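Below is one structure; the comments refer to it alone.
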There are 2 protein chains.
Amino acid sequence: MTTVLIVDDQPLQRYGFRMLLDSVAETEVVGEAGHGAEAVRKAAELRPDVVLMDVRMPGMDGIEATRQIVAAGERSRVLVLTTFDLDEYVHAALRAGASGFLLKDAHAEELLAGIRAVAAGDAVIAPALTRRILDEFTRYVPAHRGDREREDPRLGSLTDREREILVAIGKGWSNGEIATRFVVTESTVKTHVGRVLAKIGARDRVQAVIFAYDQGLARPNAD
Amino acid sequence: MTTVLIVDDQPLQRYGFRMLLDSVAETEVVGEAGHGAEAVRKAAELRPDVVLMDVRMPGMDGIEATRQIVAAGERSRVLVLTTFDLDEYVHAALRAGASGFLLKDAHAEELLAGIRAVAAGDAVIAPALTRRILDEFTRYVPAHRGDREREDPRLGSLTDREREILVAIGKGWSNGEIATRFVVTESTVKTHVGRVLAKIGARDRVQAVIFAYDQGLARPNAD
DNA sequence: GGAGGCGTCGTACCGCGGTACTACGCGGTC
DNA sequence: GACCGCGTAGTACCGCGGTACGACGCCTCC
């Protein structure tokens, strides 16, 4: 039996959800909330398995409510539901800690499957949104550390020290800065840099930086 | 009617899928392949809407086959199916351009829903995997471009031309190369570069590259 | 003990990258 | 017309980055 808290500012919408969830044996609606603050309070009080959360609400919106519920360490999983598939909503919701994001035009089975998955600790995203999420995923997420066999062989040719140098280059440090931080002379750094460039086939440190990002050795905001 | 190509090295597994897909009106199995190379060939020949792709196969595996099918610009969407939910597989498959990733223990309805979604241009991920994908997503993906207020204000200060220059820098091009491709003199490029560096507060082009990656203006394998 | 990989350091050289400043034509706006 | 932002272009200068050497000490492995 999965307990559910319904959060939506529209009473009629809540009624619809309640009817649906009451009609199946596996879910039980344990409460309703009409805005974010109430949702946070009731989530703490009722400790439902799943919170069905609308995004657009007067006062505290669903994103902020999700953030607070998750931050409070509640056991509840939040499944965000919205009519609009705006990227901002999706991003914000996922970043806020939501376990799922579905569109309100979903079929009953999809919603129930989503609740089931979320309650089990999994996550769901509406297929229409998954495409976009994946595009960004492949664009931004570096090659997985487990992908040993797909790692560029040139990386393997680097010695430990050279790898460190490459990472330092990726941070945008000059040879002098690298020398200072590594407590060696600039000559040494130059020697290493030269070898690194030769090994990875880069013309200059700029291309080395790109290579480093490519291989997941460097990434934004990593300072 | 959705046309499907089944790729799996196990004849019995293929048989199972074919039985399932033949039993519903909306899908039609137009072919089968027992290994990666055959999959690539048949995808080009049969041009199915969806390719049901197994990962582990002798010879060319499903990941590489997916990569080649996608790279060839086939209209087919690839839905990867596997018994093991290893992160490496998931990452590699998505990076290879797969439109979906499901586990073989999925129920028939899930599989059909997945095929339906993929055929429609959407994407699907098994709920059990979505959780992990989302974790990495929130960890790595920077604030969305739609979040105008989160975009670095320095970016907005750039003129269109300067933006192009920054992108070019991000590709690792030298001033001379940029001049050639933009059909201007190197002097002009230098002027632009200097202004870009001043505006974004970068000391040299290396830091400009990092800034570009940071802002999502540049990304690996973008050539 | 010799060989070789690795990290360290030095010298010398040169060219690209970056700075500073000036300048001009074009398209807008006031 | 006057002004200004923008893209274009040039000259002159300097320093960092990168290359090509040679060299030394410290390991490990044979």
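Remember, predicted model here, so these are calculated numbers, not experimental data. Here is the naming used below: chain letters follow the sequence lines, and residue numbers restart at 1 for every chain.
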* Whether over 12 other heavy atoms sit under 6.0 Å from A/R56 CZ ->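 No, not enclosed.
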* Asked: Who pairs with A/A113 by side chain to side chain contact (heavy atoms under 4.5 Å, CB included), at least two apart in sequence or on another chain?
  ->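 A/A113 satisfies side chain to side chain contact (heavy atoms under 4.5 Å, CB included) with A/R116 once adjacent residues are dropped.
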Calculate the interatomic distance between [X] atom [atom1] and [N] atom [atom2]; express it in whole Å.
| X | N | atom1 | atom2 | result |
| --- | --- | --- | --- | --- |
| B/I178 | D/dG7 | CD1 | P | 15 Å |
| A/L158 | C/dG5 | CG | P | 16 Å |
| B/H192 | D/dC6 | NE2 | P | 11 Å |
| A/E162 | C/dT8 | CD | C1' | 13 Å |
| B/R161 | C/dC26 | CZ | C1' | 15 Å |
| B/R195 | C/dC21 | CZ | C1' | 12 Å |
| A/L166 | C/dG7 | CG | P | 14 Å |

Would the distance check show the side chain of [X] and the main-chain N or O of [Y] forming a donor-acceptor pair, the cut-off being under 3.5 Å?
| X | Y | value |
| --- | --- | --- |
| A/E64 | A/M60 | no |
| B/R77 | B/D122 | no |
| A/T83 | A/K104 | no |
| A/D204 | A/Q207 | yes |

* To do: With axes from five pairs an end, tell me the bend angle of the helix from C/dG1-D/dC30 to C/dC30-D/dG1, nearest 10°.
  =>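 One end's axis against the other's: 40°.
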* Who passes side chain to side chain donor-acceptor pair (under 3.5 Å) against B/E186, sequence neighbours left out? ->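 For B/E186, no residue satisfies side chain to side chain donor-acceptor pair (under 3.5 Å) once neighbours in sequence are set aside.
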* Is it true that A/D54 and A/R14 make a salt bridge, defined as a side-chain N closer than 4.0 Å to a carboxylate O? ->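 No.
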* Quick one: do A/R161 and A/E164 make a salt bridge, cutoff under 4.0 Å? ->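 Looking at A/E164 together with A/R161, the answer is yes, because their closest N to O distance falls below 4.0 Å.
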What's touching nucleotides 24-27 of chain D from the protein side, N or O pairs under 3.5 Å?
none

Pairwise N/O distances under 3.5 Å, protein to nucleotides 10-18 of chain D:
from, atom 1, to, atom 2, distance (Å)
D/dG17, N7, A/K190, NZ, 3.2
D/dG18, OP1, A/R205, N, 2.5
D/dG18, OP2, A/R205, NH1, 2.6
D/dG18, N7, A/K190, NZ, 3.3
D/dG18, O6, A/K190, NZ, 2.9

Side-chain donor-acceptor pairs of residues 188-196 of chain A under 3.5 Å, sequence neighbours excluded:
from, atom 1, to, atom 2, distance (Å)
A/T188, OG1, A/T185, OG1, 3.1
A/T191, OG1, A/S187, O, 3.0

* Do B/S99 and A/R131 pass the side chain to side chain donor-acceptor pair (under 3.5 Å) test, and can you show the C-alpha distance, the side-chain angles, and the key distance before you say yes or no? -> CA-CA 7 Å; B/S99 291; A/R131 168 85 275 150; 3.2 Å; yes
